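What you see is a predicted model; the values in this text were computed from it and never measured. Numbers restart at 1 for each chain; the letters A, B, ... are given by sequence-line order, proteins then strands.
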Amino acid sequence: MSGEAKHTTPAPGATEAEPLFQVRDLSVVFDTPDGTVQVVDSVNLKVSAGRTLGLVGESGSGKSVTCLAALGLLASRGRVTGGKVMFNGRDLLKIDDAEMSKLRGCEVAMVFQDPMVSLNPVRTIGWQISESIFLHQGLSRDAAAKRTIELLDMVGIPNSKSRVLEYPHQFSGGMSQRAMIAMAIACQPKLLIADEPTTALDVTIQAQILELLSDLKKELNMALILITHDLGVIAEAADDVAVMYAGRVVEEAQVLDLFDAPLHHYTLGLLNSLPRVDRKIDRLSAIEGAAPPPQEFVTGCRFEPRCGHCNASCTGTRPEFTDISATHRVACKHPMSVSS
Amino acid sequence: MTRYILIKILRSFLTLWIVVTAVFFVLRASGDPIYSVFSLGTPEATLDVFRVKWGIDKSMIEQYFIYVSDIFKGDFGTSFFDGRQAWDIVMERVPKTLLLGGVTFSISVVIGVVLGAIAALKHGTFWDRGIMTAAVAAFSMPSYFLALLLILLFSLQLRWLPTAGASTWQHIILPATTLGLTLAGSIARFTRSAMLEVLRQSYMRTARAKGASRFRQIAWHALPNAAIPTVTVIGFQLGWLIGGSVVIETVFSWPGAGRLFITAVGVRDFAVVQLFILMVASTVITANLLVDILYGYLDPRISVTGDSK
């Protein structure tokens with residue numbers, strides 16, 4: 001683990017002294033038949049109440065794994081090898097299973113990518129939502145049922161009274177995701193992690209779900225982590241952004257700064273591959289090559305093999321973070337403003 | 001759903017009819033029952049008297065129509081040997097067979113499901129390998145062979161358990177264990193694979209993310225899903241159980257319908273054999289029908305597809 005830990009500057013996005021949720025130097029490995037591979041390498045993230053952190057990167061960059069590891073939800077082949085996950089002053093990696101279960105679904109909740117397979121097919125929607133309430137709030141059956149209907153109303157599911165009795169296969173993708181969100185906010189969590197919440201949905205539904213999430217965030221004053229590979233989603237919904245590439249965070253900024261003045265060549269590549277309405281671009285440029293699998297991560301800057309601006313100094317050692325401003329930092333030896 | 005079940009029931013009757021017909025003709029093709037009762041030197045005149053009395057003097061087609069129309073009147077024919085109604089003879093034995101089958105079935109389902117679930121939850125560990133080795137050993141061993149092993153050990157060596165008869169409750173232990181081990185072995189294997197499939201589904205992660213305890217995740221989220229494929233398989237095992245009990249009843253001299261059947265086949269007692277097979281077929285068909293209904297109940301996706309259009 002290298003230089004990142006030494007940083008003492010206030011982190012981007014921090015609006016108060018101690019953010020609600022903070023991942024520090026988190027590393028995760030997967031045990032595979034061919035040995036262990038490191039999929040998350042000293043990742044730092046933070047998010048405060050009432051703010052949305054967008055975690056962006058390609059598939060396999062470690063976004064989801066970072067969050068799953070933080071909540072102790074990794075599949076059995078994944079292991080955390082270092083770091084801290086501070087939530088409300090407690091290190092989530094140090095508390096035991098029983099206490100973690102009390103926290104999960106209550107103070108910290110998660111919404112997953114594909115709502116159609118994330119809901120249990122043999123239980124009614126109402127059963128699944130009221131289970132959260134039953135587990136954490138100890139309400140009576142009647143009170144839980146009433147609260148479930150309220151929650152469905154809150155996430156905009158019409159005919160909530162009859163729909164609680166329906167099964168997931170009777171719900172459309174968008175409605176399923178609303179139900180998942182209702183389940184996640186059932187106990188008014190302080191932190192909500194939404195892992196690609198709109199990826200499996202139609203574009204028109206995507207916008208509705210994002211709006212719902214940001215409304216709920218305001219209403220409940222939650223901290224929201226929005227994991228996505230879609231910069232459009234980031235632009236629409238995030239306050240702060242962390243860009244991940246190959247298991248590391250490469251750039252952190254507030255959302256406008258990131259779009260205005262990206263510093264990492266990877267971030268720029270991502271932005272350039274996005275269609276824009278405000279600029280005339282003849283053709284979209286794609287980043288050459290493909291994101292490497294964890295077995296092929298290089299020791300130096302991991303973007304170096306695909307980067308057009310690298311030189312000898314990029315290989316060998318991990319680039320440390322350079323602070324451009326209080327809220328903007330980049331892990332690159334030749335960031336945009338300097339090299340271009 | 002009701003329409004779906006109705007079609008199933010109609011189809012069941014078709015199956016029954018085919019079974020009855022096939023058994024009827026195959027039995028008669030197997031030889032003349034007269035010669036399994038009377039010795040070779042018996043005068044033809046005597047034999048003819050009995051042929052008329054048993055109704056086998058008529059053509060096969062005639063016999064068939066008489067037989068089938070009698071079934072609808074509730075008459076399943078008369079035994080060639082003691083002249084009693086086949087129905088009475090078989091029903092006398094059915095309770096003992098139901099007892100053995102019921103005990104075997106319930107114990108194997110419990111043991112099989114529990115062991116299968118444990119193997120899946122401890123996937124890849126010593127427990128998983130141990131349970132699966134035992135399961136494969138149990139269901140690949142022929143049941144009569146397993147029966148002999150158990151008799152050798154528990155009756156001859158240890159002298160703990162009786163080998164034949166049904167007079168005390170100890171008598172059921174060996175036959176039920178023999179049948180049950182095989183059944184539990186295959187149920188454990190199916191439960192394990194169904195559980196493994198369910199455990200890697202996303203909704204299991206949702207349950208964990210919700211803060212459900214390990215027990216709750218398994219009992220309330222995983223098992224109801226794993227039950228869907230497992231129930232189907234267990235239902236099909238019922239036919240196997242009846243087949244197995246015919247052998248095991250004979251080995252342990254258990255006075256059930258299976259043993260009666262073996263004797264009846266040996267002497268070509270048509271009415272008894274036909275009725276036994278008809279009952280076995282009805283049981284298997286009913287079990288499959290129940291599985292279908294239960295399936296719709298366990299899996300909400302099925303009942304609705306049947307209902308909607």
Main-chain N/O of [Y] paired to [X] side chain as donor or acceptor, under 3.5 Å:
X         : Y         : result
Lys210(B) : Gln128(A) : yes
Arg104(A) : Arg208(B) : yes
Ser118(A) : Ser202(B) : no
His136(A) : Gly211(B) : no
Arg301(B) : Pro168(A) : no

Per-residue contact mode, [X] against chain A (heavy atom under 4.5 angstrom):
X         : result
Arg216(B) : side chain
Leu298(B) : backbone
Ala212(B) : both

Check each atom of [X] against the heavy atoms of chain B and say whether the ones under 4.5 Å are side chain, backbone, both or neither.
X         : answer
Leu74(A)  : backbone
Leu68(A)  : side chain
Met180(A) : side chain
Leu73(A)  : both

Return the CG to CG distance between Asn120(A) and Asn225(B), rounded to the nearest 0.5 Å.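 Those atoms lie 4.5 Å apart.
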Roughly how far apart are Gln217(B) CD and Ser101(A) OG, rounded to 0.5 Å?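 One gets 7.0 Å once the value is rounded to the nearest 0.5 Å.
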Take Met110(A) and Thr206(B), measure what side chain to side chain contact (heavy atoms under 4.5 Å, CB included) needs, and give me the verdict at the end. CA-CA 8 Å; Met110(A) 196 153 176; Thr206(B) 308; over 6 Å; no
Under 6.0 Å from the [atom1] atom of [X], do we count more than 12 heavy atoms belonging to anything else shown?
X         : atom1 : value
Phe171(A) : CZ    : yes
Trp240(B) : CH2   : yes
Arg189(B) : CZ    : no

Shorter than 4.5 Å, heavy atoms on both sides: which option in Gly105(A), Pro121(A), Cys106(A) has the most such pairs with chain B? Pro121(A)
Any side-chain donor paired with an acceptor under 3.5 Å for His221(B) and Glu131(A)?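 The answer is yes; a qualifying pair exists.
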Test Tyr203(B) against Arg123(A) for side chain to side chain contact (heavy atoms under 4.5 Å, CB included), laying out the working first. CA-CA 11 Å; Tyr203(B) 53 76; Arg123(A) 298 292 188 186; over 6 Å; no
Find out whether Arg214(B) and Asp97(A) are in side-chain contact, i.e. whether some heavy atom of one side chain is under 4.5 Å from a heavy atom of the other.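 Sidechains of Asp97(A) and Arg214(B): no contact.
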